[in-house]
Amino acid sequence: MTSLKYTDEIAQETAALYEKLQPQFSHERWEDLAPYIVEINRLKKEKNAVILAHNYMTSDVFYGVGDIVGDSLGLARMAAQSDADMIIQAGVHFMAETSKILCPEKKVIMPDMEAGCSLAEGITAEELRAFKAKHPGAPVVTYVNTTADVKAESDVCCTSSNAYKIIEGLANEGHKRIIMAPDQYLAKNVAIEAKKNGLDVEIIIWEGSCIVHERFTPQDVKDLRAEHGNVVVLAHPECPPEVMAEADYTGSTAQMDDFIKTNQPKKAILMTECSMSDNIAVANPDVEMVGTCQMCPFMKRITLPKILKALQSEGPEVIVDPAIAERARHPIERMLKMS
Ligand code: 13P
Ligand code: SF4
């Protein structure tokens, strides 16, 4: 790893950003990070590259070098619209594959190929084919947290922000039984909402889960409320339904972010990945972010030094077999149209 020097120019160039992020980083730590931020931002201009940063990126990545930030749906949309030559995906591998599928002409670079996802690893194309064969006629809705091979076997994709809308759309087309994979909790949460709204549809569930969100329990919410009093609790739909039932608001990472921005609660707790709370705290200084969080070990593999290396070497590049990409594009585009 190249070691970069913290100079007076770099200190000056990053002063405003440091002031914003200061509660999170000591000055000593900032002296390590700031040179990377400056060099990454210089190089990405030179190479006409864009950095897509998911809400779970640490604040140095999210605020320091992210050009487009947001949830899985937002990043997929923006990847499709970007006119950059190169996309650096600051997120996990399935997000980079989605970008490549939507932008086959662009170089899509993943700073760490090991940044996977327990959901994407939770089902293979072969397993999905066998599952479909057991439930003939049921359309398949797969979460974007899947590999390109799995998407290629699907009818429509969904994200946590539009899952209910997609199911509702299919139900309105007359489908009575719909397969949802691989997140059992997202599927269960959608099924509960469908029942509440009188939607006549049966959701056939694949039993995958997110290793981050499955760890939250309803008792966690009760304990936090007891400890922190008047606190607003927000939960991500990858959490178990019992946790969702205890929350005041549920939504995708971008929807939770919007909720806090709009409502400015005095105190809030996010039942989701840790960096999300840090990033929200930076943008909403009047909101006290308290309580618990869970770390995603995959998201945390993406660091400034790895992003710089990826930009310098223009690799490792994400490659998707064009025949698979062609088939995987349809469910993603259908989702973008339906949401
Ligand atoms: P969203 O950003 O779509 O809410 O997804 C969360 C997630 O777990 C991505 O890995
Ligand atoms: Fe996958 Fe969960 Fe990590 Fe998101 S938070 S990347 S769903 S393991």
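Note that this is a predicted model, so its numbers are computed, not measured. One-based numbering, in listed order, for ligands and for the atoms of each.
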### Query
So is His236 polar-close to ligand 1, meaning N/O to N/O under 3.5 Å?
yes

### Task
Write out the residue and atom name of the closest protein heavy atom to atom 5 (O) of ligand 1, then the distance separating them to 0.1 Å.
Ser72 OG, 3.4 Å

### Task
Indicate, with yes or no, if the rings of His27 and Tyr18 have centres closer together than 6.0 Å.
yes

### Message
Can you work out which protein residues put a heavy atom within less than 4.0 Å of ligand 2?
### Response
Tyr56, Val92, Cys117, Ser118, Leu119, Asn145, Cys210, Val212, Glu238, Cys296, Phe298, Met299

### Set of residues satisfying disulfide (SG to SG under 2.5 Å) with respect to Cys103, sequence neighbours excluded
none

### Query
Sulfur to sulfur, is the gap between Cys210 and Cys117 shorter than 2.5 Å?
no

### Query
Heavy-atom contacts under 4.0 Å between Met95 and ligand 1: side chain, backbone, both, or neither?
side chain

### Query
ligand 1 versus Asn145, non-hydrogen atoms closer than 4.0 Å: side chain, backbone, both, neither?
side chain

### Message
Testing the basics here: between Gln255 and Ser160, what is the closest heavy-atom pair and its distance to 0.1 Å?
### Response
OE1-O, 4.3 Å

### Query
Considering only heavy atoms of Met299, which atoms of ligand 1 have at least one such atom less than 4.0 Å away?
10 (O)

### Query
Under 30°, 30 to 60°, or over 60°: which ring-plane class applies to Phe216 and His213, parallel, tilted or perpendicular?
tilted

### Query
Do the rings of Trp206 and Phe131 sit parallel, tilted or perpendicular, given the 30° and 60° boundaries?
perpendicular

### Task
Start with the C-alpha distance between Glu173 and Arg334, add both sets of side-chain angles, then the distance that settles salt bridge (charged side-chain N to carboxylate O under 4.0 Å, His left out), and finish with yes or no.
CA-CA 14 Å; Glu173 285 173 18; Arg334 193 166 171 203; 3.3 Å; yes

### Message
Quick check on contacts: which atoms of ligand 1 are under 4.0 angstrom from a heavy atom of Glu238?
### Response
6 (C), 7 (C), 8 (O)

